[in-house]
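Report on the structure given below.
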Protein chains: 2
Amino acid sequence: MTRTVVASATKEIVIGFDQPFCVIGERINPTGRKKLAAEMVAGNFETVKSDALAQVAAGATMLDVNAGVTAVNPNETEPPLLVKTLEIVQELTDIPLSIDSSVTEAIKAGLEVTKGRPLVNSVTGEEEKLEAILPLIKKYDVPVVAISNDETGISEDPDVRFAVAKKIVERAADFGIPSHDIVVDPLVMPIGAMGTAGLQVFKLVRRLRDELKVNTTCGLSNVSFGLPHRHGINAGFIPMVIGAGMTSAIMNPCRPQEMEAVRAANVLNGTDPNCQEWIMTYRDHQPAAAGAASAPAEAAGGSGGRRRGGRAARRSAG
Amino acid sequence: MTRTVVASATKEIVIGFDQPFCVIGERINPTGRKKLAAEMVAGNFETVKSDALAQVAAGATMLDVNAGVTAVNPNETEPPLLVKTLEIVQELTDIPLSIDSSVTEAIKAGLEVTKGRPLVNSVTGEEEKLEAILPLIKKYDVPVVAISNDETGISEDPDVRFAVAKKIVERAADFGIPSHDIVVDPLVMPIGAMGTAGLQVFKLVRRLRDELKVNTTCGLSNVSFGLPHRHGINAGFIPMVIGAGMTSAIMNPCRPQEMEAVRAANVLNGTDPNCQEWIMTYRDHQPAAAGAASAPAEAAGGSGGRRRGGRAARRSAG
C-alpha cells in the first residue's frame, strides 16, 4: 500500500488510498492576492497568520506555503521571504507544511528551516527542473509534488501526461527516491473549456494509482474555472475524483461546501471509520439552509430512506 | 452502447452511460406517508398532483408512481388505485412514468393504461416474481427494474448480489427480453450500518456496467439512512456512484443539494454538453448562501483557479 509520510515537528500525516483525503490548504499564497503580496513585502504577516489559523480550524490536513510576491528578482527576494513565512506558520500551527515555489533557491532555503517532513511543491518533467529539484528531494528525504508537464507544455492528451508522470517517477528512482514519495499532479483542465476534462482526469488518476501506484493531488478549483457557481462544480468533482483514486488536493478548506464533499466522500470511501468525523461535524446540522420549500420533501426523503433502509437493514442483518 | 428507452405518450428518454443521469422522482408513494395514503384512499389526489408538478419543476427525468396504501387486500385495492393514480399523473405531465408495485395485478393493470413505454418497478430474483413479472415485461415490451435479492433475502456479499442480477438478466433472455431493458438495482446498504457499503456498491456498479453491460438504479437516500445531515451524504454519493457507472436513481428531485450534485456530476461526466444545463441553472447563483465568512476565501479560491486555470488554458490552447 502506497504511503506518503509528511510531518511537522510534532505531527505525522500519511497520504494514501486507505487514508482520509489530504486537504492541502491553498490560502497562504500571494499569487493573485495583491493585498497579501503587499503585506508580505512590507513584513506584515497578519493575514498569513489568520489564514493559517482559519484553514486549520476549517479542517486542513496540511498547509501550502507560497511566497511568490514578485516576478522581479525572485531568486533574491523569494528565498528569505519564504523562509520567514514558513517559520511564522510552523510556529503557529502543528500540521505539516508544503513548500511551494518555482524558485529552486527558495525551496532549498525552505527545506533548511522547515521542521519534520514537509512536502515540496513542485517538480515538473522539465529536464532543468528534474536536475535542480530531485537532488534536494533525495538530500532532505522529503516527498515532492510532480506536475505532469514538460518542455512541450501541458498536453491535452492524458496518455502524454501519464508518460510525463512515469518519466518523473523513473528519474526520481535514478536518484534513489522511492515512488511513494512522488505525489503526481495529473493537471486538471477547466471543464468549461474542455468537456472531456473530467472523464480524462478520472481515467488518468486510476492509471496513476493502478499502474504507477502513486498518490495524486491537483489544484482543485481549476476544474470549475470560468463557470458560474464554481463551488457546486468543485463539490461534485471531489467525490468523483476521490472515487477514481485521488488522495489529496491543494484547495481552499475555508469553503464549507467543498469540505462537506470531502467529508462525505471519506465516509463513502470507507476512510471515516464509523462515520465519526461526519457525525461529530454534522450532528447538530440544521437542514433549514436547504430552504423551506424543501421541508416536506425532506420528510418524504426520510421516509423513502427508512423504507428501503429498513428493508435492507432487516434482511441483511438476518 | 446500452440504451434503455422509456417514454410517455409524447416524450422519449434514453437511460445510458452517455446520457444525463436519469432522476426518477420518488415522491408519489404513500409508503410512510400516512396523510397521503389517507387522501388517496379517500379519492383525493391533490397531493399526488402537486407532488407530480413539483418534481417535474425540480428537474425529474421520470416519475415513479406507487399506490401501496394498505397491506390489507392489496390484490383488490391496489390495482384500481394505481390505475387511477397513473391516469391522473400522465394527464398532468409529459415525462415517462415508472409503475411501482409489489402486486403483480397492479402492475398488469398499470401497464394496460400507461401510455408510451413505462418502466416497471420491479422484479427480483425470487422465482415466483420472475415467473409473474417477466411475461408481462415481454408482452408489453417495457423495461424493468431488477432488484438483486432473492428468496434468501439481500446478501451482504456483493458477489452474491451480482450473481442474482446475472440470473435475472439470463432468465429475462429466456423470455426474449434484451439486457438493455433490465435496469439493475444492486441494493445500496446504509453506510452508517456498513462502512464498506460505498466501496462495495461502486465496485458492483462497475461490474454490472463492464460485465453485464446493464443500466443501473438505486433507492438513493438509503445510503445515508440513520446519519445526521443525510442530504450531504446523498450529495457526495451521487457523483461517486455516477463515476462508477450508475445511470439512474429513484430519489427526491425536490432536494436542491442532491439535484445540484446530479447536475455537477453530469458536467464532469461529459453528459451536459457545453455545461449548458449547469450554466442555465446557476448563472445567477448567489454564493451568499455559503456564508459571509467564506467571502474572502471565495476570492482566493477564484484566484487559485485563475492561476492554474490560466496556465492550463494557455498551454493547452497552444
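Reckoned from all heavy atoms, side chains included, excluding hydrogens, waters and symmetry mates.
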**OP:** Could you go through the salt bridge (charged side-chain N to carboxylate O under 4.0 Å, His left out) check for D51(B) and R33(B) one step at a time?
**Re:** CA-CA 13 Å; D51(B) 281 347; R33(B) 295 179 71 186; 3.0 Å; yes
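- Across G236(A), P273(A), G243(A), the residue that shares the most heavy-atom pairs under 4.5 angstrom with chain B is G236(A).
- For chain A, the option among C275(B), G270(B), S224(B) with the highest count of heavy-atom pairs below 4.5 Å is C275(B).
- Other residues, nucleotides and ligands contribute at most 12 non-hydrogen atoms within 6.0 Å of the CG atom of N274(A).
- Heavy atoms of R161(A) lying under 4.5 Å from chain B are absent altogether.
- Comparing I191(A), L199(A), I233(A) by heavy-atom pairs within less than 4.5 Å of chain B, the highest count is held by I233(A).
- If you measure heavy-atom distances from L227(A) to chain B, the contacts under 4.5 Å come from the side chain alone.
- The backbone N or O of S102(A) sits less than 3.5 Å from a side-chain atom of K129(A), completing a donor-acceptor pair.
- Put simply, the side chain of N269(B) never gets that close to the backbone of T271(B): no donor and acceptor are under 3.5 Å apart.
- For the 3.5 Å distance criterion, the side chains of T152(A) and D150(A) qualify, holding a donor opposite an acceptor.
- If you check the side chains of N121(A) and D64(A), you find a donor sitting under 3.5 Å from an acceptor.
- Nearest heavy-atom pair across N266(A) and F21(A) is OD1-N, 3.0 Å.
- Each of G198(B), A261(B), G195(B), G232(B) has some count of heavy-atom pairs under 4.5 Å with chain A, and the biggest count is that of G232(B).
- Judged purely by distance below 3.5 Å, without hydrogens or angles, the side chains of T31(A) and N29(A) pair a donor atom with an acceptor atom.
- Using a 4.5 Å cut-off between heavy atoms, V223(A) contacts chain B through its side chain alone, with no backbone atom that close.
- Interface summary for chain A: among A264(B), G226(B), P239(B), the most heavy-atom pairs under 4.5 angstrom belong to P239(B).
- Using a 4.5 Å cut-off between heavy atoms, A265(B) touches chain A through backbone and side chain atoms alike.
- Only the side chain of F202(A) comes within less than 4.5 Å of a heavy atom of chain B; its backbone N, CA, C and O stay farther away.
- Contact count against chain B (heavy-atom pairs under 4.5 Å) is highest for W278(A) among W278(A), F237(A), Y282(A).
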